[in-house]
Amino acid sequence: MIVSIVIAVIVIYLAIDWLTQKPNNFPPGPPTLPLIGSLPFMPRKLVHYTMAGEWRKKYGPVIGCMLGSMRMVAICGPQEVLEVLRRDEFQGRPKGDFFKDRSFNKYLGVFFSDGPFWVEQRRFTLRHLRDFGFGKKSMQDLIMDEVEDVIKEITKKETFQANGMFAVSTLNVLWGMLAGTRYSRDDAELKVLLKKLTRNFRAGNPAGGITASLPIFKKLIPGIIGHTEAMESLRDMQSFFRKSIQNHKTTIDENYLRDFMDAYLKEMNIQETNPDTTFTEEGLITICLDLFAAGGETTTSSIEFTLMYMVLYPEVQKAVHKELDAVVGQNRRPTLEDRPNLHYVEAVLTELLRVCSIAPFTPPHRTTKDTQINGYSIPKNTSIAICIYSLFQDKEHWGDPEVFRPERFLNSEGKYVKDDWMIPFGAGKRVCLGEVLARSTVFLFFTTLLHEFIFSVPEGDPPPSEIPLSGFTIAPQPFRLKASKRF
Ligand code: HEM
C-alpha cells in the first residue's frame, strides 16, 4: 500500500515537473521550480519596471517564464514589440477558465475572444462606436455634457480630491453610447459599480495573476486569492447590464436606434434564425463589460494624470493657457475642430501618454501556431505579454526618456510631429477599440478644464507623486487639486 502511494506521488511529481519545464529553445528567463514554475520570481507590483528594466538587461528583450504549467513570454524590446504586434500568429487571446469565467463560461465579447467570432464582434462594435451618430447626440455632445457637469462640481468645491472626480464622467460617456442614459454623480447604484470596477483593476496583474497560472488554486483556496470576490463583482456588473438590456427590449424602435444596445438587439433579431449567429444577449452583456472595464479606468486615469502634471509643471500649464487663448479665445469652449491648430496641447497630451504609460502591457496575447522570434521557439498557445512601455523609455530613441518634455513632439516651427513609436493604444489588428473615443474625451476634458481654470497644489499639501499605482493599468496615487477661475 505504502509503496503504491510513494510510486503514485513520484509519478505525479514527475508529470508536474515535466509540465512545468521550459520547452526546447524557449527564451531565457527567471528560474523554474517544479509545480510552480517561475511564479516565486515574478514581480508583484509595477511589473513593467522590472521586466523592461532589470530583466531585459539580464535576459534580453524576449523573456520566457513558466507560470505554473502556463508558458508566458514577455516581449520587452521596442523592435520586438513592433514586430509581434504586426505578426498574425501573435494575435490570439489566452484560453482557460480565468478568461471564460467572466463571460458565462464561453469566450464572448471583444477583449478575450479571438478567431472569426472576435472578427465579427469587433467589426460590429467598432462600426457602431465610430459612427456614433444615431440617437440625439454626437460623441462630442456626450463628452461635453460631462465636462460641463465637472466644471460645475469643481466651481462649487474649488479644492477637491482629483481621484474620483472624473470616474463618473467617463463611465457616463460610455454608458451614453451603450445605453443612452447618464447617471448623476450621487447615484448609489453607479457608485457601487464604480467601486467594484476600480477594485478589480487595481488588484489585477498584467500576467493574469495566480488563478490564470494555477487554476487549481481557484478551487482550493478561493477566499485567499480573492477570486470569489472578483467573481461576485462581475456577476453584479452583469446584472446591471442585463437590467438595462431588458429595458431596451421593451422600448426598442428598430427604425430609430438610440444607442449601441438598440443596434445590437436589432442585429440579434436579424440573425435570429441563423444557427451560427455570434449575436446573443450574453455576448452583448460581455461587450458592455469589456468596454466599461477597458475604457472607464484608463480614460479616468489619463484625465487625472493630465491635471497632475500641470501642477507639477506650472510652466507647461502656462504655455497651454497661452495657446488656448490664442487659438480658442476667451468667449467659447474648445472643440474637437480646434485640435489640428493646438500643436502645443497635442504635444503635451502625447508626452503625457508616453511618460504615464497608462497601459504598460497590452492584455495578454496568445500564439495561434508554433513560431519563432529572435531565433527562439515559441510553441502554439503560449501567452504573450507585450510591454508597450519599453518603447516609451528607450534611451537611444528619446535621448532623455525620464524627462517630461512636450517639446520633443514639436518641430522648429512649433508644429506637432508624430512619432511612430508612440503607440499607447497598441497597433495592428488588436489596436484599442476605443482609441478615438479616449483621445477625444481626454482632449475635451483637458482643454476645457484648462481653458476655465488655473490648477495648483492646495496650500499645505505635498506635490502629487509621479510613482503610479499598480494594476492591469496604471493610475495616479490619490492627490488633491486647487482650481481658480481664469476669467
Ligand atoms: C487612455 C485610454 C486607453 C488606453 C491607453 C488604451 C489602451 C489599449 C491597449 C494598449 C490595448 C491593447 C491592444 C492589444 O491587445 O494589443 C487596448 C485594447 C482595447 N481597448 Fe483600449 N485603451 C484606452 C481606452 C479605451 C476605451 C475608452 C475603450 C472603450 C470604448 C477601450 C476598449 C478597448 C478594447 C475593447 C480593447 C480590446 C481590443 C481587441 O482585443 O480587439 N479602450 N486598449
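All values derive from a computational prediction rather than experimental measurement. Atom set for the values below is all heavy atoms of this structure, side chains included, hydrogens, waters and symmetry mates excluded. Both counts, for ligands and for their atoms, begin at 1 and track the order of listing. Sequential numbering from 1 along the given sequence is applied to the chain's residues.
Polar contact with ligand 1: present for Arg430 (N/O pair, distance under 3.5 Å). Any N or O atom pair closer than 3.5 Å counts here, and Arg93 shares at least one such pair with ligand 1. Polar contact check, His365 against ligand 1: a nitrogen or oxygen pair lies under 3.5 Å apart.
The existence of a salt bridge linking Lys152 and Glu148 is excluded, since no basic side-chain nitrogen approaches an acidic carboxylate oxygen closer than 4.0 Å.
Below 4.0 Å from some heavy atom of Arg122 lie the following atoms of ligand 1, by number and element: 38 (C), 39 (C), 41 (O). Proximity to Ile388 (heavy-atom distance under 4.0 Å) selects the following atoms of ligand 1: 10 (C). Atoms of ligand 1 lying under 4.0 Å from any heavy atom of Val110, numbered from 1 in the order shown and given with element: 35 (C), 39 (C), 40 (O), 41 (O). Of all atoms in ligand 1, numbered sequentially from 1 with element shown, those under 4.0 Å from a heavy atom of Leu174 are 30 (C). Under a 4.0 Å criterion applied to the non-hydrogen atoms of Ser302, ligand 1 contributes the atoms 1 (C). Residue Pro424 approaches ligand 1 through these ligand atoms, each under 4.0 Å from one of its heavy atoms: 5 (C), 7 (C), 10 (C).
The shell of residues lying under 4.0 angstrom from ligand 1, judged by heavy atoms, includes Trp118. By the 4.0 Å heavy-atom criterion, Asp290 is excluded from the residues contacting ligand 1. The shortest separation from a heavy atom of Thr473 to ligand 1 is not under 4.0 Å, leaving the residue out of contact.
Around atom 21 (Fe) of ligand 1, protein atoms of type N, O or S found under 2.8 Å number 1.
Between the side chain of Arg258 and the backbone N or O of Tyr256 there is no donor-acceptor pair closer than 3.5 Å. Without hydrogens or angle criteria, Asp370 side chain to Lys380 main chain gives a donor-acceptor distance under 3.5 Å. Between the side chain of Ser383 and the main chain of Met72, no donor-acceptor pair closer than 3.5 Å is present.
Looking at residues two or more places apart in sequence or on another chain, you find a salt bridge (Lys or Arg N to Asp or Glu O under 4.0 Å) between Lys106 and Glu282.
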